[in-house]
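Basis for what follows: all heavy atoms, side chains included, without hydrogens, waters or symmetry-related copies.
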Amino acid sequence: MTGLDFDGLLLDLDGCVYTGRAAVPGAAQALTGLAEAGIPVVYLTNNASRSADEVASHISSFGIDARPEQVLTSGIVAARELAATVPAGAPVLVVGSPALAQQVLAAGLEVVDSAADAPVAIVQGHSPNTGWRQLAEICRAVRAGAQWWATNLDRTFPLEDGQMPGNGAFVRVVEETTGAHPRVAGKPAASMMRAGTAALGAQRPLMVGDRLETDIAGARAAGMTAGLVLTGIHGEEDALAAPAQQRPHVILDSLLDLLPGGAPRRLP
């Protein structure tokens, strides 16, 4: 391939494959080339607002052959992890999208929308409809002793017209109000990286993303090669100034650098 020794790719989505509804230049060509070379890809996204089917459909709209089983969202991981820690059928306060609620239901748990329903746990994920009342319900449930999970702590959410508040911004409101801190399912959490690696089934996985504190930190903590692609949040200067645990092994100008003839730059 390009001198990078990898037999499978874990790939972030926002800022790497698309930004909002727009495709990132070169992403479709790169992913088509990897598929033709027999390199498996698993899409590992912290965005829990959509189902795997919806995400795969979005990716496919750019001419990329993407299947739901290739998509792993932080909502899917959060539901699985939570289901392993509470009794089957336990009530869970879900603040987020309908897709997140469906994932919690699919994990064998009951979805509720009020702290008055005595939830044993809370799952908080991104939704553009989250407001003060939903955050207040989380605060009430946290104070009552419910286990609190956040799908991710991304401070921003990329759209075509710029960075908007992400799930992490809303999590911080609850943290400031209650003094509590959630368990986190998404990158850089070990649970997300383990799930992605298992789904990929590769011996030498490469993780590529655009955020140092999530994609790169998660990859480094999991002991895999980390590539920063410069089409999203962080740039080369950010990478050079990053602490060791967030420093990528290689920098890609675009995903096309993963194909023969690409020129990924290794950092010292």
Does the salt bridge (charged side-chain N to carboxylate O under 4.0 Å, His left out) test come out yes or no for Arg172 and Glu175, once each step is laid out?
CA-CA 5 Å; Arg172 284 170 176 78; Glu175 289 180 321; 5.2 Å; no
Among Val208, Asp215, Leu258, whose side-chain contact (heavy atoms from CB on, under 4.5 Å) with Val229 holds?
Val208
Here the pair of heavy atoms bringing Glu236 nearest to Leu230 is N-CD2, 3.7 Å
Partners meeting side chain to side chain contact (heavy atoms under 4.5 Å, CB included) with His249 (sequence neighbours left out)
Arg220, Thr225, Ala226
Report the residues that fulfil side chain to side chain contact (heavy atoms under 4.5 Å, CB included) with Pro243, sequence neighbours left out, ordered by chain and then residue number.
Gln245, Gln246
Any carboxylate oxygen within less than 4.0 angstrom of a Lys/Arg side-chain nitrogen, looking at Asp253 and Arg265?
yes
When you check the gap from the basic side-chain N to the acidic O, do Lys187 and Asp154 get nearer than 4.0 Å?
no
Partners of His58 by ring pair (Phe, Tyr, Trp, His ring centres under 6.0 Å), sequence neighbours excluded?
Tyr18, Phe62
Find out if a path of hydrophobic residues (ILVMFWY) with successive side-chain heavy-atom gaps under 4.5 Å connects Ile233 to Tyr43.
no
Can you list the other members of the hydrophobic cluster that holds Val184, where links are side-chain heavy atoms under 4.5 angstrom apart?
Leu93, Val95, Val112, Ile122, Leu135, Ile138, Val142, Trp148, Leu153, Phe170, Val171, Val173, Val174
Is any side-chain heavy atom of Cys16 closer than 4.5 Å to one of Leu11?
yes
Could you check whether any side-chain N or O of Asp7 sits under 3.5 Å from a backbone N or O of Gln203, counting only pairs where one atom can act as donor and the other as acceptor?
yes
Besides Leu200, the hydrophobic cluster formed by Ile, Leu, Val, Met, Phe, Trp and Tyr side chains linked at under 4.5 Å, directly or via other members, contains Leu10, Val42, Leu44, Leu72, Ile76, Val77, Met192, Met193, Met207, Met224
According to salt bridge (charged side-chain N to carboxylate O under 4.0 Å, His left out), who are the partners of Arg247, at least two apart in sequence or on a separate chain?
none
